[in-house]
Amino acid sequence: MTVETERYDPRAVERKWQDEWDRRGVNLFTDDDLKNARDPYYNLMMFPYPSADGLHIGNIFAYTGADVNGRYWRLRGKDVFEPIGFDAFGIHSENYALKVGANPNDLIPQNIANFTRVLRQFGGMYDWNHEVNTTRVDYYRWTQWVFLKLFRGGLAERREAPANWCPSCKTVLANEQVIQGLCERCDSAVEQRSLPQWFFKITRYAQRLLDNIEGLDWSEVTRKAQTNWIGRSEGARIDFPVAEHDAVINVFTTRPDTLFGATYMVLAPEHPLVDSIATPDRSADVEEYRAQVTARDLVERQKVDKEKTGVFLGSYAINPATDARIPIWIADYVLMEYGAGAIMAVPGHDTRDFEFAETFGLPIVRVIAPAEDEDPSAPLTEAYVGDGVMVNSGRFDGLSVADGKRAVVDWLAGEKGAARTHVNYRLHDWCVSRQRYWGPPIPIIHCADCGPVPVPESDLPVELPYLRDFRPDDSGVSPLRRARDWFETTCPDCGSSARRDTDVTDNFLCSGWYFLRYPSARRDDLALDPELTKKWLPVDSYIGGNEHAVLHLMYARFLTMALHDVGVLDFDEPFTRFRAHGLVLSEGRKMSKSRGAVVLPNDIIERFGADTMRLYLLFLGPYEQGGDWQSTGLQGPRGFLNRLWQGVLASEEGPPDGEVERELHRTIKQVTEQTPALQFNTAIAAMMGYLNTVRAGGRTPRRSELEPLLLLLAPYAPHIAEELYARMGHADGIFGNATWPDYDPVKLVGETAEIPVQVNGRLRGVVEMPRDASEDAVLEAARGNENVARHLAAGTVRKVIFVPGKLLNLVVG
RNA sequence: GCCUGGGUGGCGAAAUUGGUAGACGCGCCAGACUCAAAAUCUGGUAGGGGCGACCCUGUGAGAGUUCGAGUCUCUCCCCAGGCACCA
């Protein structure tokens with residue numbers, strides 16, 4: 001007998017509650033609310049850049065997980081601040097505008113309107129009162145303020161430097177934006193260009209950025225990516241005098257113990273000493289080689305397996321250990337940007353040097369031998385890079401590699417002042433200038449007499465003028481150079497005529513501090529309200545994609561440290577907890593528009609509702625791993641919500657059934673523990689399993705059995721949970737008044753337990769016994785089990801393993 | 001090459017951290033309802049064998065520790081991601 005009941009109509013329920021939450025203002029805070037919060041919890045997710053394609057299902061996946069975390073903590077009684085905003089400056093947005101022939105000033109607001117609609121529809125618990133938009137003057141004037149704070153703190157510097165130039169984007173890129181020699185945006189081969197650029201001195205913070213990683217509650221992948229990127233390596237700087245020249249070549253090496261094996265030297269082709277030490281007869285060859293190298297782009301140069309090339313400079317250096325004259329070469333396998341831009345080549349113990357020496361017939365000497373020694377004079381057929389003891393190294397023979405490193409540096413340092421220990425980092429200073437239009441203008445005025453002068457804070461913002469023609473060109477100069485009225489100004493210091501810096505800042509500066517701004521978003525007179533900042537920061541939970549591990553997340557940490565050091569902040573790490581979510585794939589591959597395998601969130605919401613979509617996304621697989629989107633899978637969560645709906649509508653009064661109640665308490669425990677740990681897939685499975693129990697055998701559910709389930713489900717599927725909760729007579733609703741259900745540990749376990757019985761480690765039966773049954777009792781019951789008895793008949797019991805309440809294993813021989 | 005993850009049914013995945021492998025869901029199969037279909041509901045579903053109670057095999061491969069291994073140890077293979085002529 002089935003009773004005809006009202007059908008579950010997700011869209012109607014969702015619209016109703018989205019309006020209702022707005023009306024009640026449950027997610028919208030005033031600054032006073034924020035200041036008066038008793039138990040603040042700052043729940044952050046990575047704000048989107050509003051492309052014209054609309055929100056990607058991957059964004060929604062990220063936001064759903066973060067939103068569940070936020071809603072959970074709100075139900076646990078915390079004051080949760082969950083803001084959202086738009087990261088709309090930058091080359092992404094500008095390139096898209098160029099493509100469709102529109103002006104980003106006009107395009108971005110439309111995109112933001114689209115994004116906002118979907119962000120509301122999916123059920124994000126956002127505080128729209130504290131939205132930020134990086135392209136609005138009320139935000140970017142403070143981005144400029146941040147720039148000035150760093151400038152005045154001595155952390156911003158303008159210098160002529162070889163920079164990564166993307167010929168397609170027509171701008172310089174930060175090192176982090178160059179992937180294997182290609183532009184991370186457009187995959188063009190990146191070239192080297194020398195331009196005057198603004199840099200933030202992030203390298204000063206290399207050790208601190210590294211040290212702090214230790215104490216961060218962050219996903220391991222992210223911590224490792226940052227550690228790799230900082231790339232600390234310990235070694236020494238060693239001086240090699242150049243014979244017949246008044247010059248010294250300084251190298252960085254991690255293997256000073258191999259100094260006696262340095263048989264030649266290599267400088268980067270761009271090394272400043274090359275011109276002065278190359279002999280005249282070699283200069284033609286040198287010039288030719290350098291021309292070749294510059295012509296080659298970074299991709300080609302960075303290929304690891306290509307043949308070694310290089311040119312002899314005609315001059316020699318003196319090996320400070322052996323006093324031998326060793327030839328000096330240039331080769332493109334030595335990079336100017338790393339270490340000293342020069343190396344001592346030890347072909348015996350470095351694979352690259354070995355290859356080079358073989359190619360050009362340079363001497364190869366063994367100076368390290370494996371501890372269980374062979375003949376130290378035997379020729380090497382490949383570089384030996386393992387551990388061992390020093391040989392052919394004079395007084396150092398017999399020392400281990402580790403001891404040798406110290407001893408050689410100490411000796412050289414004392415004897416000739418020719419060495420010192422040195423820690424080198426891979427991390428480079430952050431180039432923040434962009435020769436583009438769509439970004440915050442750099443708040444600097446160039447004066448012929450005073451040099452670069454910061455725009456006084458009271459003159460901020462430096463507004464970005466509306467440029468009709470904002471296309472970048474090949475000149476290396478920003479399109480803002482076309483706005484003469486705008487860039488012509490007077491020097492704030494001396495009053496003479498001057499011009500504004502026409503570059504804009506890297507988009508990562510906009511996104512590097514937005515989380516600091518959210519609480520203060522309504523303050524138009526201050527970047528950061530001290531009271532709000534103290535109350536809400538640092539961020540309690542940050543969830544986002546790991547593609548930002550070395551870009552956004554590194555810059556955000558650096559800016560926080562820098563602002564701490566200049567006295568703006570009283571903490572120096574921005575994110576207490578960070579979790580990297582996984583990727584949503586489609587048929588095992590990344591969703592791509594070109595393959596037509598793109599899932600549009602608004603379609604899914606229209607057809608299935610936001611609650612079903614949220615559940616499905618989080619049910620796909622482990623949140624930190626991601627999963628494969630298969631449209632048929634939506635049926636699972638949809639059926640679950642349907643059955644829940646029907647179950648609640650058909651439920652009757654009465655206390656929970658004993659067995660069901662035990663299951664309920666187990667479910668509460670599991671969901672309570674797994675939700676904040678972001679183990680959403682298993683928490684959802686537990687709720688589904690519980691509903692199955694409640695409905696098992698077609699029984700009519702009791703209200704008391706379902707009401708707590710609605711609360712557990714509320715973070716995941718907030719709309720239907722609210723609706724059904726209201727239908728149970730709770731007019732106040734869940735979000736606003738309800739509290740999270742508790743579980744009773746006593747009710748988790750039944751009086752009896754099913755105890756598996758093994759014979760020789762193989763399962764032969766299960767006996768139902770009181771939970772605290774003794775070994776003897778269980779043993780007796782086991783012997784009474786027909787199947788167990790049969791297997792015991794084969795021999796005598798030699799050993800009994802009994803785990804109370806868990807297992808009985810009988811070893812029969 | 002180095003550093004992270006990971007490898008379990010047709011598929012996505014679970015497994016209280018050494019104690020009944022495959023929870024939950026998709027798909028599939030059978031049945032109910034229906035003139036029919038969709039939707040919904042009920043049952044089944046790791047592989048092999050047996051009418052059956054049951055038995056054998058099984059967590060990338062191989063070895064080891066253990067009463068007992070998806071879980072621990074060693075060797076190796078494969079997949080995904082990060083870094084990479086970084087001295």
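Numbered from 1 within each chain, the chains take letters A, B, ... in sequence-line order. In what follows, every heavy atom counts, from backbone to side chain, and hydrogens, waters and symmetry copies are set aside.
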| remark: If pairing means Watson-Crick or G-U wobble with both distances under 3.5 Å, then the partner of rU59(B) is none
| task | Please evaluate the base of rC67(B) for a donor-acceptor partner in the side chain of N809(A) within a cut-off of under 3.5 Å? | result | yes
| query | Does the rC85(B) base have a donor-acceptor partner in the side chain of K308(A) within less than 3.5 Å? | reply | yes
| field | Of the listed nucleotides rA87(B), rU20(B), rA13(B), the one nearest the side chain of T253(A) | value | rA87(B)
| What about the rings of F360(A) and Y264(A), do their centers lie closer together than 6.0 Å? | no
| query | Using a cut-off of 4.0 Å on non-hydrogen atoms, how would the nucleic acid contact of R638(A) be classed: base, sugar-phosphate, or nothing? | reply | nothing
| task | Would you please test T693(A) and E663(A) for side chain to side chain donor-acceptor pair (under 3.5 Å) and show each step? | result | CA-CA 8 Å; T693(A) 305; E663(A) 206 53 42; 4.8 Å; no
| query | When the C1' atoms of rG5(B) and rG9(B) are considered, how many whole Å apart are they? | reply | 23 Å
| request: Please state how far atom CG in L763(A) lies from atom P in rG18(B), giving the value in whole angstrom units. | output: 20 Å
| query | Could you give the CD-to-C1' distance, from E234(A) to rC86(B), as a whole number of Å? | reply | 15 Å
| said: Whole angstroms only, please: what is the CG-C1' distance between L583(A) and rG5(B)? | reply: 14 Å
| Among rC85(B), rU20(B), rA84(B), which is the nearest nucleotide to the side chain of V766(A)? | rU20(B)
| Relative to the 5' end of RNA chain B, which residue comes earlier, A685(A) or E220(A), by the nucleotide with the nearest heavy atom? | E220(A)
| said: Please compare H791(A) and Y425(A) by the position of their nearest nucleotide in RNA chain B and report the one closer to 5'. | reply: H791(A)
| request: Tell me whether the guanidinium CZ or amine NZ of K308(A) lies under 6.0 angstrom from the six-membered ring centre of Y333(A) and within 45° of its axis. | output: yes
| said: As a test of reading the structure: which of rC41(B), rA13(B), rC24(B) is closest to the side chain of M688(A), going by heavy atoms? | reply: rC24(B)
| field | Sub-4.5 Å side-chain heavy-atom contact between V800(A) and V811(A) | value | no
| task | Answer yes or no for R579(A) and W218(A): cation-pi contact, defined as NZ/CZ to six-membered ring centre under 6.0 Å and angle to ring axis within 45°. | result | no
| task | Just call it for E754(A): base, sugar-phosphate, or nothing, with non-hydrogen atoms closer than 4.0 Å on any strand. | result | base
| said: Under a 3.5 Å cut-off for both contacts, is rG43(B) paired Watson-Crick or G-U wobble with anything, and if yes, with which nucleotide? | reply: rC29(B)
| query | Is N787(A) touching bases, backbone alone, or none of the nucleic acid, heavy atoms closer than 4.0 Å? | reply | sugar-phosphate
| Checking all strands, does P637(A) fall into the base, sugar-phosphate, or nothing category for heavy-atom contacts under 4.0 angstrom? | nothing
| message | I need the CZ-P distance between F680(A) and rA13(B), as an integer number of Å. | response | 17 Å
| request: Identify which nucleotide among rC85(B), rG19(B), rC26(B) has an atom closest to any side-chain atom of L807(A), counting heavy atoms from C-beta outward. | output: rG19(B)
| field | Atom-to-atom span, CZ of F608(A) to P of rA39(B) - whole angstrom | value | 11 Å
| query | Picking from rC24(B), rU20(B), rC85(B), which would you name as closest to the side chain of R352(A)? | reply | rC85(B)
| message | Regarding L620(A), tell me which of base, sugar-phosphate or nothing describes its non-hydrogen contacts under 4.0 Å with the strands shown. | response | sugar-phosphate
| field | Note, H581(A) side chain near T64(A) side chain (heavy atom, < 4.5 Å) | value | no
| field | Nucleotide nearest V334(A) (side chain, heavy atoms from C-beta), chosen from rU4(B), rA87(B), rU57(B) | value | rA87(B)
| field | Same-atom distance (C1') from rA13(B) to rG6(B), integer angstrom | value | 13 Å
| task | For L267(A) and rC86(B), give me the distance from atom CG to atom P, rounded to whole Å. | result | 17 Å
| query | Taking atom P of rA23(B) as reference, at what distance in whole Å does atom CG of L691(A) sit? | reply | 18 Å
| task | Could you tell me whether D353(A) contacts a base, only the sugar-phosphate backbone, or nothing, with contacts defined as non-hydrogen atoms closer than 4.0 Å? | result | nothing
| query | Base, sugar-phosphate, or nothing for H422(A), non-hydrogen atoms under 4.0 angstrom? | reply | nothing
| Taking only side-chain nitrogens and oxygens of R764(A), does any of them come within less than 4.0 Å of OP1 or OP2 of rC56(B)? | yes
| query | For the side chain of I801(A), counting heavy atoms from C-beta on, which of rC67(B), rA14(B), rG27(B) is nearest? | reply | rC67(B)
| said: Between E355(A) and R352(A), does any NZ, NE, NH1 or NH2 come within less than 4.0 Å of an OD or OE carboxylate oxygen? | reply: no
| message | What's R223(A) touching, base or sugar-phosphate or nothing? Going by heavy atoms closer than 4.0 Å. | response | nothing
| Counting only side-chain N and O atoms of K799(A), is one of them less than 4.0 Å from OP1 or OP2 of rC67(B)? | yes
| Which part of the nucleic acid does D350(A) contact within heavy-atom distance under 4.0 Å: base, sugar-phosphate only, or nothing? | nothing
| task | Please measure how far the C1' atom in rG19(B) lies from the corresponding atom in rU4(B), and state the result in whole Å. | result | 31 Å
| field | Phosphate OP1/OP2 of rA14(B) contacted by N681(A) side-chain N/O (<4.0 Å) | value | yes
| message | Between rU8(B) and rA23(B), how far apart are the two P atoms, rounded to whole Å? | response | 16 Å
| If you check every side-chain atom of Q635(A), which of rA13(B), rG27(B), rC3(B) has the closest atom? | rG27(B)
| With rounding to whole Å, what would you report as the distance between rG22(B) and rA46(B) at their P atoms? | 9 Å
| note | From the candidates rC24(B), rC83(B), rC41(B), the one with an atom nearest any side-chain atom of R643(A) is rC41(B)
| query | Any luck finding a side-chain donor-acceptor pair between T612(A) and Y8(A) under 3.5 Å? | reply | no
| What are the two closest non-hydrogen atoms of Y289(A) and I330(A), and how far apart are they? | CD2-CD1, 3.7 Å
| request: Answer with base, sugar-phosphate or nothing: what part of the nucleic acid does R695(A) contact at a heavy-atom distance below 4.0 Å? | output: sugar-phosphate
| request: Using a 4.0 Å heavy-atom cut-off across all strands, classify N692(A) as base, sugar-phosphate, or nothing. | output: sugar-phosphate
| field | rA37(B) versus rA32(B) - spacing of their P atoms, nearest Å | value | 12 Å
| request: With C1' as the reference atom in both, quote the distance from rG7(B) to rG60(B) in angstrom, rounded to an integer. | output: 6 Å
| field | Atom-pair distance (CG on D332(A); C1' on rA87(B)), nearest Å | value | 14 Å
| C1' gap between rC29(B) and rU20(B), integer Å | 27 Å
| note | Side-chain contact check for R762(A): nearest option of rU4(B), rC56(B), rC26(B) is rC56(B)
